[in-house]
Amino acid sequence: MLRLIIVVPFLAVLGIFFFKNEELYAMSFPFFSWQMSVGFFAVLVGLASFVIGALTVSIALVKQWRKVRKANKQVQDLEKKLNELREQYISLTQTSASTVPAAVNIPVQEPVTVIGNSAEADAAKALT
């Protein structure tokens with residue numbers, strides 16, 4: 001949209017200049033000369049500048065597209081590595097959980113006092 005805001009007024013001014021300057025003038029360069037209206041010459045210069053600008057932008061876009069493709073390839077490679085590491089982690093945690101011996105899973109026992117059989121027995125002895 002911004003391009004249209006810039007291009008349309010420029011083309012309008014260029015068109016007005018083209019139609020208002022129809023008188024022929026002699027144009028000469030070092031090796032040749034010709035007659036052309038100044039308005040037509042301005043249109044040619046304007047078109048040439050648009051073409052040069054478009055080529056410049058396209059070259060910059062191609063460079064950016066290359067960078068984007070390279071970055072996307074790196075992202076895909078890193079995602080593959082991440083998925084491999086996740087699979088390794090899952091396989092390691094599953095194998096380590098299945099190889100734990102049953103003796104390690106000790107059921108919770110009631111606490112035992114060192115002095116007597118239990119705290120209740122010690123309290124009963126103290127009362128008697």
For Phe32 and Phe29, take the angle between the two ring planes, folded into 0 to 90°, and tell me which bin it lands in: parallel under 30, tilted 30 to 60, perpendicular over 60.
tilted
Out of curiosity, does [Y] fall in the hydrophobic cluster containing [X] (side-chain heavy atoms, cut-off under 4.5 Å, transitive links)?
X: Trp34; Y: Leu44; value: yes
X: Val57; Y: Val62; value: yes
X: Val45; Y: Phe19; value: yes
X: Phe10; Y: Ile16; value: no
X: Val43; Y: Phe50; value: yes

Mark yes when over 12 heavy atoms from residues, nucleotides or ligands other than Phe41 sit less than 6.0 Å from its CZ; otherwise mark no.
no
Say you draw a straight line from [atom1] of [X] to [atom2] of [Y]; how long is it, rounded to the nearest 0.5 Å?
X: Lys73; Y: Leu78; atom1: NZ; atom2: CG; answer: 10.5 Å
X: Leu82; Y: Glu87; atom1: CG; atom2: CD; answer: 10.0 Å
X: Lys80; Y: Gln76; atom1: NZ; atom2: CD; answer: 6.5 Å
X: Glu79; Y: Arg86; atom1: CD; atom2: CZ; answer: 9.0 Å
X: Leu11; Y: Leu47; atom1: CG; atom2: CG; answer: 8.0 Å

How close do [X] and [Y] get, counting heavy atoms only, and between which atoms?
X: Leu24; Y: Gln35; value: CD1-OE1, 4.2 Å
X: Met27; Y: Met36; value: CE-O, 3.8 Å
X: Ala42; Y: Leu14; value: O-CD1, 3.7 Å

Is the Tyr25 to Phe40 ring centre distance short of 6.0 Å?
no
Below 4.0 angstrom, N of the basic side chain to O of the carboxylate: do Lys81 and Asp77 qualify?
no
Heavy-atom side-chain contact between Val38 and Phe18 under 4.5 Å:
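With C-beta onward as the side chain, the pair stays apart.
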